[in-house]
Amino acid sequence: MSAVSTRSLLAISAAAVLVAGCDDVRLGRPDALWLLWVVPLLVLFLVWGARRRALLLRQFATPALLERIVLGSSRGRRAFKSVLLVIGVTSAVLALAGFAYGFTWEDVSRRGVDIAVALDVSDSMLVKDADPASGLSRLERARREIADLLDVMRGDRLALVAFAGLAYVELPLTLDYQAARLFLDVLDTDLIPVPGTALDAAIDTAIEALEEGGGKGEKALILITDGEDHSGKALEAAARAKARGIRIFSIGIGREEGSPIPRESGGFRRDESGEIILSRLDEPTLQRLALETGGRYVRSVTGDLDLEQVYFQGIKASIAEQELGATRRQRWKDRFQWLLALALVALMVEPLVAESARGHKLVTRESHVGTTS
């Protein structure tokens, strides 16, 4: 195979790799591009085969006889066959990768429900009674359940609120569930230095987060806590939420009889008199918060928060979806069919191309001369 042919085959392979980097090109299955390694290997094999063929021919006959044997053989035709083979394989791989070229813009309206999740990050959430079998704390179990909720959410905006003695919006309303996972991972008990469980602050902060996202219609607040309402103003905050069309779905973690709060240095937290502090679940208040706003209360003792049930049977079943705005997205035009057709044509034509343009004529002429003599 000539140096020119080799360069042309390598150029075809390089062009196939560069296609993926074009702005107007998109691949539906880019993971299939690893098959492009077959192309340079094929080129190397064809080059090796051509050189091996020439070496064997030189060993088989003398130069004079070799010139007569290969009379009519065309290097150009052999190179053309190799190029067809490389084009066919390259086109087939790009077609398998879902090659698309060019796009149009289209307007897409989004419909869903705005949901705020307010998670208690007070020290009492370190108690490991939520899932004794796994040894997870209440907070770790709650984070896992929220992560599972993100897996089933479709088209709904989510906001994250962390609270203890105070409350903060950790993540404004967003459709980016991957970003929500990142913020969820950093929710810990050292996030808010003020101790306690201020349910009213959690509700009011969630109201602000939901209203900042705009949108009309009802919204949902999932309130996850294991403590008492230390402020005593949770019901007043619930009334404000109801007035703004926000339903509270409260989830209580823990036990009514209470559980001791662990210390980082070991042992349990104690009050000024030396008595062990117990974190008690104020279940009646959480029930009234849900009842006041038309939501739902779920009690979790074994760590099963039933967030998916709250989402599907509570929020999605009782709150109508609203228009969450319209966005523009690119609609790509599939072109893999053309590449697939090119691959089929190249691979079908390649075996039909003869390596010799004059071989048949030469044989016919020699037979005619022998007959005449």
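For clarity, every value in this text was computed on a predicted model and none was experimentally measured. Keep in mind that the numbers below use all heavy atoms, side chains included, and drop hydrogens, waters and symmetry copies. Residue indices begin at 1 and follow the sequence shown.
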Flag side-chain contact, heavy atom, 4.5 Å: [X] against [Y]:
{"X": "Val93", "Y": "Val38", "value": "no"}
{"X": "Leu199", "Y": "Leu286", "value": "yes"}
{"X": "Arg240", "Y": "Ile203", "value": "no"}
{"X": "Ile146", "Y": "Ile224", "value": "yes"}
{"X": "Leu119", "Y": "Leu139", "value": "yes"}
{"X": "Ile115", "Y": "Leu149", "value": "no"}

What is the minimum heavy-atom distance between [X] and [Y], and which atoms define it?
{"X": "Ala180", "Y": "Leu158", "result": "CB-CD2, 4.0 Å"}
{"X": "Ala206", "Y": "Val161", "result": "CA-CG2, 4.1 Å"}
{"X": "Ala164", "Y": "Ile192", "result": "N-CD1, 3.8 Å"}
{"X": "Leu289", "Y": "Thr293", "result": "O-OG1, 3.0 Å"}
{"X": "Ala290", "Y": "Tyr297", "result": "CB-N, 3.8 Å"}
{"X": "Phe183", "Y": "Val186", "result": "O-CG2, 3.0 Å"}

Donor-acceptor pair, [X] side chain versus [Y] backbone, under 3.5 Å?
{"X": "Lys81", "Y": "Glu350", "value": "yes"}
{"X": "Arg144", "Y": "Glu140", "value": "no"}
{"X": "Asp156", "Y": "Val113", "value": "yes"}
{"X": "Glu236", "Y": "Lys233", "value": "no"}

Flag yes if [X] and [Y] sit in one hydrophobic cluster, no otherwise; membership is Ile, Leu, Val, Met, Phe, Trp, Tyr, and two members link when side-chain heavy atoms are under 4.5 Å apart.
{"X": "Met348", "Y": "Val89", "answer": "no"}
{"X": "Leu235", "Y": "Leu291", "answer": "no"}
{"X": "Leu85", "Y": "Trp37", "answer": "no"}
{"X": "Leu344", "Y": "Leu84", "answer": "no"}
{"X": "Val169", "Y": "Ile222", "answer": "no"}

Would you compute the distance between atom [atom1] of [X] and atom [atom2] of [Y] and round it to the nearest 0.5 angstrom?
{"X": "Leu339", "Y": "Leu94", "atom1": "CG", "atom2": "CG", "answer": "5.5 Å"}
{"X": "Leu342", "Y": "Leu347", "atom1": "CG", "atom2": "CG", "answer": "9.0 Å"}
{"X": "Arg141", "Y": "Asp226", "atom1": "CZ", "atom2": "CG", "answer": "15.5 Å"}
{"X": "Leu96", "Y": "Ser91", "atom1": "CG", "atom2": "OG", "answer": "12.5 Å"}
{"X": "Ile315", "Y": "Lys219", "atom1": "CD1", "atom2": "NZ", "answer": "13.5 Å"}
{"X": "Glu170", "Y": "Leu182", "atom1": "CD", "atom2": "CG", "answer": "13.0 Å"}

task = Could you check Leu150 against Met153 for side chain to side chain contact (heavy atoms under 4.5 Å, CB included), going step by step and ending with a plain yes or no?
result = CA-CA 5 Å; Leu150 293 174; Met153 289 182 64; 4.2 Å; yes
key: Among Leu223, Asp204, Leu191, side-chain contact (heavy atoms from CB on, under 4.5 Å) partner for Phe163   =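 With Phe163 as partner, side-chain contact (heavy atoms from CB on, under 4.5 Å) holds for just one option, Leu223.
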ask   = Regarding Ser122 and Asp120, is there a side-chain donor-to-acceptor distance under 3.5 Å anywhere?
value =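 Looking only at side-chain atoms, Asp120 and Ser122 do form a donor-acceptor pair, the distance falling under 3.5 Å.
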ask   = Which is it for Ile251 and Leu307 under the side chain to side chain contact (heavy atoms under 4.5 Å, CB included) test, yes or no, and what are the steps along the way?
value = CA-CA 9 Å; Ile251 298 177; Leu307 285 190; 3.0 Å; yes
message = Against Glu218, only a single residue in Arg244, Lys242, Arg247, Lys316 fulfils salt bridge (charged side-chain N to carboxylate O under 4.0 Å, His left out); can you say which?
response =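 Among Arg244, Lys242, Arg247, Lys316, the one meeting salt bridge (charged side-chain N to carboxylate O under 4.0 Å, His left out) with Glu218 is Arg247.
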key: Working for side chain to side chain contact (heavy atoms under 4.5 Å, CB included), residues Asp151 and Glu308   = CA-CA 10 Å; Asp151 290 335; Glu308 292 186 22; over 6 Å; no
query = Taking atom CZ of Phe45 as the centre, does the number of heavy atoms from other residues, nucleotides or ligands within less than 6.0 Å exceed 12?
reply =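 It does not: Phe45 CZ has 12 such atoms or fewer within range.
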query = Other hydrophobic cluster members with Trp338, side-chain heavy atoms of Ile/Leu/Val/Met/Phe/Trp/Tyr under 4.5 Å, chained?
reply =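 Hydrophobic cluster check, Trp338: no partners found.
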